[in-house]
Amino acid sequence: MDKLLRSTVIISGFVIVAFSLLFSRLFYLQVVNYQQLGSISTTNSIRRIWVQPPRGRMIDRSGIAIVDNQPLYTLKIIPSEFKNDRTGLLAWLMNKPKEELAEIIRKSSAFNKFSASIVSRNLDAVAIARVSENLWQLPGILIETDNKRLYPDSLFGSHLFGYLRSIPKQKLEELADQGYTQDDKIGHSGLEKFYEEELKGQKGTRFEMVTPLGKDAGKYDGGKSDIPPVKGDDLYLSIDAGLQQRAEQLLRKTGHSGAVVAIDPSTGGILALASAPDYDLDIFNGSTDRKGWNEILTSPQKPLINRAVQAVYPPGSIYKMILAMAALEGKKMDPAKKILDNGAFVFGNRRFLSNEGRGHGWVDMREAITVSSNVYFYNLIFNVGFEDWTKYGAMFGFGEKTGIDIPAERSGLLPSTEYYDKRYGKNKWTKGYLVSLAIGQGELGTTPVQLATYAAAIANKGTLFQPHIVNGYRDTATGEYFQYEYDKQQLPVSASTFNLIHDGMIGVVERGTGTLAKVPGVTIAGKTGTAQNPHGRDHAWFIAFAPVENPKIAMAVLVENAGFGGAISAPIARELIRYYVKGETLPVVIDKKGGKPSGAALQQPDSTKKMAPATKPEKAINTPKPGPRIKTDTNSVKAAE
């Protein structure tokens, strides 16, 4: 009996334990883990979601992030899961025309009905709330958080930073191999385009379980299979944000189209690059503002043209120093020899004026540069000869692209014997063409970036740097900083020649045609130029560098249809030098969107210090990569022309 009782107790205990384990497991399956296993039991659907990476930032020479990222709320659709009879409801919730939404859904389904496609970017808070509350009625609809650009309120940087656009259908096939899809945006202009590979980052992937109704049933495999996105690489720019801000303001204030390019003569790094008219990059940020885009397209001033690298005009008297250097190096003229400038130069049956026919009297080479004597240089080109004139122009990079890291740069035009023979025929052109070339007119064409590079080479006495905006980048994956290497060449021009050129250009600012560029306490060398314009008022040029003893900045300023360069372009150079060399802070400006005064964060008391990325150390910690090659955009160049 005791033995039977003992057996009964053991069996009963075993049964109780077994049932306890079964009930515990059942409780875990039905209550604790019901969501995942419930979804698995009813469907094997796994949804793959591409996760867009934040693009790399753009950081100026003082460590200020002048292009960053901010959240972008995007509504996406998986066509195979969406019920078309809910199109009206979704359109009402989004306050969007039903027909427009239906067309977007149709295109998404045609591309890939099983993949999430973007319906709308840049959703506002109201639309997000309305759609979120009704997601249970909208299978296949997702609300994702992506990224869009964040720009400073105090500057535009339209032509410098560039903007992103959706990928055209015709280009999507060729870009598909690089991982792009129809919903991606790609750099379309400026640095965004030139450095797309560095900035874009790597997409991530998120896998989700979904019920037959399309509802989220939790992460697949607990998220272990997800691949996180990798942020794009940060670019470290040579740009001084405060100088860029002031350059834009000063250009805008003229009311004319134009450009400013400022460069560091010791490195070739671009300190500011502005083109007017400009536009607000937020028009393209997230979703495109159709009204703003239409205004840009229809503007007669063509704001999409980057005049800093695409405007090609005769440089006028700025080019006289090329002729002077050719004469000095070739010993074709004694610089102390004086020539009488009586206001006119006669060649054949034509009279070419100097100083509107008033002349400048007896001038030597220094004085001819200072007062900009046309007669002196009309004579000088026949001493030098056309071949040497072309040779020294080519030496300073004219007629070729500078290689700046901005798309769609134009090369300008440097006439030569071969050029005239091809254009007019051999022996069918005369030396009369040289008279105009002597003073930088005629077929000679230059861009602002070419003239800024030229001014920098004169400033540093003979080192021609490849101008560049990006110093290097920091690899997000490794944290390593890579310094770009750019071309430079030492020009075969003597120090004595540059000393004379410096003297003449100092005279321009002290008592010549560029006195409006004076800054007390700073020795400035400059040169005015007027580009003759057969279609209206002449274009105003001015180049300058300062301080002459140890140049920190060189620049070219162009103001279109403004007349004389000394009157409108020279004062712009003055203000930029005053800010950059003397360290004067910028005045408080009104937010470009009409908000509160802003811009204080961009004001640096001393912008002449060495550029330094925000994260130290700044020196490359591995083998430097070569500088970016010249990238050409044939379509953009043709459009600009």
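- In this structure, the separation between CD on Gln301 and CD1 on Ile296 is 12.5 Å, given to the nearest 0.5 Å.
- Inter-residue side-chain proximity for Met555 and Ile553 is flagged as met; some heavy-atom pair is nearer than 4.5 Å.
- Put simply, the side chain of His539 gets close to the backbone of Asn561: a donor and an acceptor are under 3.5 Å apart.
- There is a side-chain donor-acceptor pair under 3.5 Å between Ser317 and Lys320.
- No hydrogens or angles considered: a donor-acceptor pair under 3.5 Å links the side chains of Glu443 and Tyr420.
- Counting heavy atoms from C-beta outward, Pro314 and Thr446 have side chains that stay 4.5 Å or more apart.
- Between the side chains of Thr530 and Asp538, no donor-acceptor pair is found at a separation under 3.5 Å.
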Sequence neighbours left out, cut at 3.5 Å: what donor-acceptor pairs do the side chains of residues 426-438 make with other protein atoms?
unit_1 : atom_1 : unit_2 : atom_2 : d
Trp429 : NE1    : Asp421 : OD1    : 2.8
Thr430 : OG1    : Gly432 : N      : 3.2

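- Without hydrogens or angle criteria, Gln466 side chain to Gly403 main chain gives a donor-acceptor distance under 3.5 Å.
- Panel note: side chain Gln450, backbone Ser411; a donor-acceptor pair is recorded below 3.5 Å.
- One N or O on the side chain of Thr370 and one on the backbone of Gly504 form a donor-acceptor pair closer than 3.5 Å.
- Here the OG-CG distance, from Ser62 to Asp240, works out to 5.5 Å after rounding to the nearest 0.5 Å.
- In this model, a donor atom of one side chain and an acceptor atom of the other lie less than 3.5 Å apart for Thr528 and Thr513.
- By the 4.5 Å heavy-atom criterion applied to side chains, Pro547 and Lys552 are counted as neighbours.
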Could you check Leu271 against Ile239 for side chain to side chain contact (heavy atoms under 4.5 Å, CB included), going step by step and ending with a plain yes or no? CA-CA 4 Å; Leu271 301 172; Ile239 294 293; 6.0 Å; no
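- Sequence neighbours left out, the pairs with a member in residues 487-534 that pass ring pair (Phe, Tyr, Trp, His ring centres under 6.0 Å) are His502-Phe545.
- The minimum heavy-atom distance between Pro407 and Val309, with the atom names listed, is O-CG2, 4.2 Å.
- A donor-acceptor pair under 3.5 Å links the side-chain atoms of Arg574 to the main chain of Leu516, judged by distance alone.
- Comment: Lys338 does not engage Asp364 in a salt bridge, judged by the lack of any side-chain N to carboxylate O separation of less than 4.0 angstrom.
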Show your reasoning for whether ring pair (Phe, Tyr, Trp, His ring centres under 6.0 Å) applies to Tyr376 and Trp362. CA-CA 9 Å; Tyr376 183 93; Trp362 291 95; over 10 Å; no
Step by step, would you call Glu192 with Leu199 a side chain to side chain contact (heavy atoms under 4.5 Å, CB included)? CA-CA 7 Å; Glu192 295 278 19; Leu199 290 168; 3.5 Å; yes
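- The two residues Ser354 and His360 have their closest heavy-atom pair at OG-CD2, 3.9 Å.
- Panel note: side chain Ser372, backbone Ile369; no donor-acceptor pair is recorded below 3.5 Å.
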side-chain hydrogen bond (donor to acceptor under 3.5 Å, both in side chains) evaluation trace for Thr447 with Gln310: CA-CA 7 Å; Thr447 64; Gln310 293 178 306; over 6 Å; no
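- Of the listed residues (Tyr481, Tyr236, Tyr484, Tyr195), just one forms a ring-ring contact (aromatic ring centres under 6.0 Å, His included) with Tyr473, and that residue is Tyr484.
- With hydrogens and angles left out, the side-chain atoms of Thr402 and Glu409 include a donor and acceptor closer than 3.5 Å.
- With respect to the salt-bridge test (charged N to carboxylate O, under 4.0 angstrom), the residues Glu560 and Arg537 do not qualify.
- Atoms CZ and CE, on Phe396 and Met325 in that order, are 3.5 Å from each other to the nearest 0.5 Å.
- Phe398 and Tyr454 have perpendicular rings, their planes meeting at more than 60° on a 0 to 90° scale where under 30° would count as parallel.
- Between Ile524 and Ile506 the shortest side-chain heavy-atom distance does not fall below 4.5 Å.
- Thr390 places a side-chain N or O within 3.5 Å of a backbone atom of Pro415 that can act as its donor or acceptor partner.
- With contacts defined as side-chain heavy-atom distances shorter than 4.5 Å, the pair Val261/Ile270 qualifies.
- The shortest heavy-atom contact between Val522 and Ala546 is CG1-CB, 3.9 Å.
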Derivation and outcome, side chain to side chain contact (heavy atoms under 4.5 Å, CB included), residues Ile404 and Ile469: CA-CA 7 Å; Ile404 189 173; Ile469 299 166; 4.3 Å; yes
Carefully, step by step, assess Ile59 and Leu237 under the rule side chain to side chain contact (heavy atoms under 4.5 Å, CB included). CA-CA 6 Å; Ile59 300 170; Leu237 315 185; over 6 Å; no
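- At a cut-off of 3.5 Å, with distance as the only test, no side-chain donor of Ser238 or Asn471 sits close to an acceptor on the other residue.
- Ion pairing of Glu575 with Arg578 is present here, as a side-chain N (NZ or NE/NH1/NH2) and a carboxylate O approach within less than 4.0 Å.
- Among all heavy-atom pairs drawn from Gly412 and Val312, the shortest one is CA-CG1, 3.8 Å.
- Between Glu329 and Lys391 there is no salt bridge, since no side-chain nitrogen of the basic residue lies less than 4.0 Å from a carboxylate oxygen of the acidic one.
- Around atom CD of Glu400, no more than 12 heavy atoms belonging to other residues, nucleotides or ligands sit under 6.0 Å away.
- One side chain, Glu387 or Thr417, offers a donor N or O that lies under 3.5 Å from an acceptor on the other.
- No donor-acceptor pair closer than 3.5 Å links the side chain of His159 to the backbone N or O of Gly157.
- In this structure, OG in Ser373 is found 8.5 Å from CG in Asn379, a value given to the nearest 0.5 Å.
- Phe347 has its ring centre less than 6.0 Å from the ring centre of Phe382.
- Listed here is the closest heavy atom pair of Ala517 and Val509: C-CG1, 4.1 Å.
- Interatomic distance, Arg366 CZ to Asp503 CG, rounded to the nearest 0.5 Å: 5.0 Å.
- Panel note: side chain Asp405, backbone Val470; a donor-acceptor pair is recorded below 3.5 Å.
- Look at Glu248 and Arg252 and you find a salt bridge, because one of the NZ, NE, NH1 or NH2 atoms lies within 4.0 Å of a carboxylate O, short of that distance.
- Note that the CG atom of Asp341 and the CG atom of Asn374 stand 7.5 Å from one another [nearest 0.5 Å].
- Ring geometry for Tyr279 versus Tyr163: interplanar angle over 60°, hence perpendicular rather than tilted (30 to 60°).
- Using a 4.5 Å heavy-atom threshold, the side chains of Thr497 and Lys461 count as separate.
- Judged as a side chain to side chain contact (heavy atoms under 4.5 Å, CB included), and not counting sequence neighbours, the contacts of Arg358 are Asn355, Glu356.
- Here the side chains of Tyr313 and Leu444 are not in contact, with every heavy-atom distance at 4.5 Å or above.
- In this structure, the side chains of Phe542 and Lys527 stay at 4.5 Å or more apart for every pair of heavy atoms.
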